[in-house]
Amino acid sequence: MQAIELYNGVQVPQLGLGVWQSGNGETLQEALSAAFDTGYRHIDTASFYHNEAGVGQAINNSGIDREKLFITTKVWNADQGYAATLKAFERSMALLNTPYIDLYLIHWPVKGKEKETWKAMEELYLQGKVKAIGVSNFLQHHLEALLLDCSIKPMINQLEHHPYLVQKDLQEFCRQQDIRFEAWSPLMQGGVFTIPLLQDLASKYNKTIAQIVLRWNMQNGIVSIPKSIHPKRIAENYDIWDFEIAAEDMRLIDALDKGQRVGPDPDLFGN
Ligand code: NAD
């Protein structure tokens, strides 16, 4: 599995499994077991997904050494602020039943709360309870405000990203700041499957559309966390290491950009 290095040296397996809307029961256990068998070592959850307990159970049942796994969770909007974030973190740790978390993220920027929340994130990092800290859904102006008076810079920014929402400028800003870019809804919640260019590229490379899009993420140095609960699709999404998309085709995918979201606008949500 290819990894992306954060500025503090932590290695992030570049492809992970997202578990939003995967439940917290048998379906989740089967999906995670299929993912671990396939080779996934990176799982993306959040307190908002209400399945940290199920993720914790799957980790502990997997028999995989904890150090080989990479677990992300996130502090929800209602829990932001300094003291509330520290409390929310302890709740997540207890549910995940793990001695540490690999990556803890601020789920959304909440106006007026970002800096206090970030202070709590820095403290958790300095205490060694998390291996890395970052943000999610932070646009350039949110990052600029945070960078003005943080002691530790975010290591990663997790954002909506797919062929219709490429955000090249934000990618470039993150690159300049040494903040890694991570894609949520990389398959546009299923929207990529009807894009004609992607159908053509899938035929050209003898791969599926999902594999083309995820490979495009990998070649762009972006961490990606597609969601599926179906073992066949979980395996398909992981089978992207044996081909290379040509530079001209990478550019054609980039050019699909329409600035179109399937999720909320970070400037409107969480405020
Ligand atoms: P996604 O783009 O990963 O799409 C998931 C959909 O695509 C599902 O319906 C799934 O069945 C389908 N799919 C997956 N693989 C397929 C395949 N090979 N063939 C056909 N269909 C396939 O959308 P998502 O779940 O919104 O995003 C992925 C993850 O990102 C989430 O699970 C979550 O962990 C994270 N996320 C984070 C935020 C945030 O605010 N930080 C927001 C949304 C999602």
Side-chain angles (χ1 to χ4, degrees), residues 12-24 27-28 30-32 34-35 38 40 42-52 54-55 58 70-80 92 96 102-110 133-139 142 154 156-167 170 180-195 198-199 202 207-217 222-240 260-270:
V12 183
Q14 201 179 349
L15 187 77
L17 184 77
V19 296
W20 181 39
Q21 296 179 318
S22 299
N24 192 28
T27 302
L28 176 71
E30 284 168 14
L32 289 171
T38 303
Y40 288 76
H42 172 177
I43 307 299
D44 182 85
T45 184
S47 66
F48 180 71
Y49 305 166
H50 300 292
N51 56 17
E52 290 168 311
V55 170
F70 189 92
I71 308 300
T72 299
T73 193
K74 317 182 188 88
V75 57
W76 185 239
N77 302 354
D79 293 319
Q80 291 197 33
S92 288
L96 282 162
D102 295 276
L103 176 63
Y104 200 41
L105 300 177
I106 299 184
H107 207 144
W108 289 88
V110 175
I133 50 176
V135 293
S136 177
N137 301 303
F138 273 49
L139 303 178
H142 297 114
I156 210 159
N157 190 8
Q158 185 187 107
L159 296 134
E160 181 178 342
H161 172 80
H162 44 68
Y164 280 175
L165 186 71
V166 176
Q167 307 194 83
L170 187 50
R180 299 288 171 261
F181 197 96
E182 176 172 6
W184 63 254
S185 295
L187 303 175
M188 218 179 134
Q189 293 176 358
V192 293
F193 298 111
T194 53
I195 299 177
L198 298 178
Q199 289 166 344
K207 286 284 172 183
T208 66
I209 288 178
Q211 290 169 331
I212 295 289
V213 173
L214 297 171
R215 181 71 205 178
W216 170 68
N217 282 173
I222 290 173
V223 176
S224 192
I225 45 167
K227 175 250 176 178
S228 178
I229 51 168
H230 303 291
K232 214 169 140 262
R233 289 176 174 174
I234 289 171
E236 174 189 325
N237 294 348
Y238 192 82
D239 182 16
I240 55 172
Q260 185 178 309
R261 296 183 183 280
V262 290
D265 182 335
D267 273 332
L268 305 176
F269 195 70

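For reference, positions follow the sequence shown, starting with 1. In listed order, ligands and their atoms are each counted from 1. The figures here come from the full heavy-atom set of this structure, side chains too, leaving out hydrogens, waters and symmetry mates.
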A.B. asks: The criterion is side chain to side chain donor-acceptor pair (under 3.5 Å); which residues satisfy it with N237, sequence neighbours excluded?
C.D. replies: none
A.B. asks: Taking non-hydrogen atoms only, is Q158 closer than 4.0 angstrom to ligand 1 via side chain, backbone, both or neither?
C.D. replies: side chain
A.B. asks: Would you mind checking which non-hydrogen protein atom is closest to atom 32 (O) of ligand 1, with the distance to 0.1 Å?
C.D. replies: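 Nearest protein contact, heavy atoms only, for atom 32 (O) of ligand 1 is W20 N, 3.1 Å.
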A.B. asks: So which heavy atom on N137 is nearest to which on H107, and how close?
C.D. replies: ND2-O, 2.8 Å
A.B. asks: Taking distance alone, with no angle check, do R233 and ligand 1 share an N/O pair under 3.5 Å?
C.D. replies: yes
A.B. asks: Any N/O of H230 closer than 3.5 Å to an N/O of ligand 1?
C.D. replies: no
A.B. asks: Applying a strict 4.0 Å limit to heavy atoms, is P186 in contact with ligand 1?
C.D. replies: yes
A.B. asks: Which pair of non-hydrogen atoms, one from I225 and one from A183, has the smallest distance, and what is that distance?
C.D. replies: CG1-O, 3.2 Å
A.B. asks: Tell me the protein heavy atom at minimum distance from atom 24 (P) of ligand 1, and give that distance in Å.
C.D. replies: S185 OG, 3.5 Å
A.B. asks: Only counting residues at least two apart or in another chain, list the ones meeting side chain to side chain donor-acceptor pair (under 3.5 Å) with N24.
C.D. replies: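 N24: no side chain to side chain donor-acceptor pair (under 3.5 Å) contacts found.
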A.B. asks: Got an N/O contact under 3.5 Å between A210 and ligand 1?
C.D. replies: no
A.B. asks: Verify side-chain contact (heavy atoms from CB on, under 4.5 Å) between F138 and I106, making sure each step is shown before the conclusion.
C.D. replies: CA-CA 9 Å; F138 273 49; I106 299 184; 4.0 Å; yes
A.B. asks: Does the distance from a Lys or Arg side-chain N to an Asp or Glu carboxylate O, for K74 and D44, drop under 4.0 Å?
C.D. replies: yes
A.B. asks: Would N237 count as being in polar contact with ligand 1, using the rule that some N or O on each side must be under 3.5 angstrom apart?
C.D. replies: yes
A.B. asks: Where do V262 and Y164 land on the side-chain contact (heavy atoms from CB on, under 4.5 Å) test, with the steps shown first?
C.D. replies: CA-CA 9 Å; V262 290; Y164 280 175; over 6 Å; no
A.B. asks: Which is it for L170 and L159 under the side-chain contact (heavy atoms from CB on, under 4.5 Å) test, yes or no, and what are the steps along the way?
C.D. replies: CA-CA 10 Å; L170 187 50; L159 296 134; 3.8 Å; yes
A.B. asks: Suppose I only count heavy atoms of P226 and a 4.0 Å limit; which atoms of ligand 1 are within that range?
C.D. replies: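 Numbered from 1, ligand 1 contributes 3 (O).
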A.B. asks: Walk me through whether W216 and H161 qualify under ring pair (Phe, Tyr, Trp, His ring centres under 6.0 Å).
C.D. replies: CA-CA 11 Å; W216 170 68; H161 172 80; 5.1 Å; yes
A.B. asks: Does an N or O anywhere in L187 fall below 3.5 Å from an N or O of ligand 1?
C.D. replies: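 Checking ligand 1 against L187, an N or O pair does fall under 3.5 Å apart.
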A.B. asks: Would you mind reporting whether D267 and H142 have side-chain heavy atoms less than 4.5 Å apart?
C.D. replies: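 Side-chain contact under 4.5 Å: yes.
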A.B. asks: Applying the side-chain contact (heavy atoms from CB on, under 4.5 Å) criterion to H42, which one of L17, L15, I71, V223 satisfies it?
C.D. replies: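 That would be V223.
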A.B. asks: Look at the side chain of T38 and the backbone N and O of Y40, then say whether any donor-acceptor pair between them is shorter than 3.5 Å.
C.D. replies: no
A.B. asks: Can a side-chain donor-acceptor contact be found between E52 and S92 if the only test is distance below 3.5 angstrom?
C.D. replies: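 Their side chains do contain a donor-acceptor pair, which is all the 3.5 Å distance test asks for.
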A.B. asks: Please report which non-hydrogen protein atom sits nearest to atom 7 (O) of ligand 1, along with the residue it belongs to and the distance in Å to one decimal place.
C.D. replies: G190 N, 4.0 Å
A.B. asks: Identify which of K74, H107, Q189 has a heavy atom lying nearest to atom 4 (O) of ligand 1.
C.D. replies: Q189
A.B. asks: Does ligand 1 have a heavy atom under 4.0 Å from the side chain of E236, from its backbone, from both, or from neither?
C.D. replies: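 Side chain only.
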A.B. asks: Considering only heavy atoms, does M188 approach ligand 1 within less than 4.0 Å through its side chain, its backbone, both, or neither?
C.D. replies: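 M188 to ligand 1: backbone contact only, side chain stays beyond 4.0 Å.
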A.B. asks: Considering heavy atoms of the protein only, find what lies nearest to atom 37 (C) of ligand 1 and give residue, atom and distance to 0.1 Å.
C.D. replies: Y49 OH, 3.1 Å
A.B. asks: Return a yes/no value: protein heavy atom under 4.0 Å from atom 9 (O) of ligand 1?
C.D. replies: no
A.B. asks: Atoms of ligand 1 less than 4.0 Å from D44 heavy atoms?
C.D. replies: 33 (C), 34 (O), 35 (C)
A.B. asks: Tell me which one of F193, W184, W108, F48 gets a heavy atom nearest to atom 43 (C) of ligand 1.
C.D. replies: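 That would be W184.
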A.B. asks: Just go through E182, K232, K227 and tell me whose heavy atom is the nearest to atom 13 (N) of ligand 1.
C.D. replies: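 The nearest heavy atom belongs to K227.
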A.B. asks: What protein heavy atom sits nearest atom 28 (C) of ligand 1, and how far away is it?
C.D. replies: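 Looking at atom 28 (C) of ligand 1, the protein heavy atom closest to it is I225 O, 3.1 Å.
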A.B. asks: Tell me: protein heavy atom nearest atom 40 (O) of ligand 1, and distance?
C.D. replies: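 Checked against all protein heavy atoms, atom 40 (O) of ligand 1 sits closest to N137 ND2, 2.9 Å.
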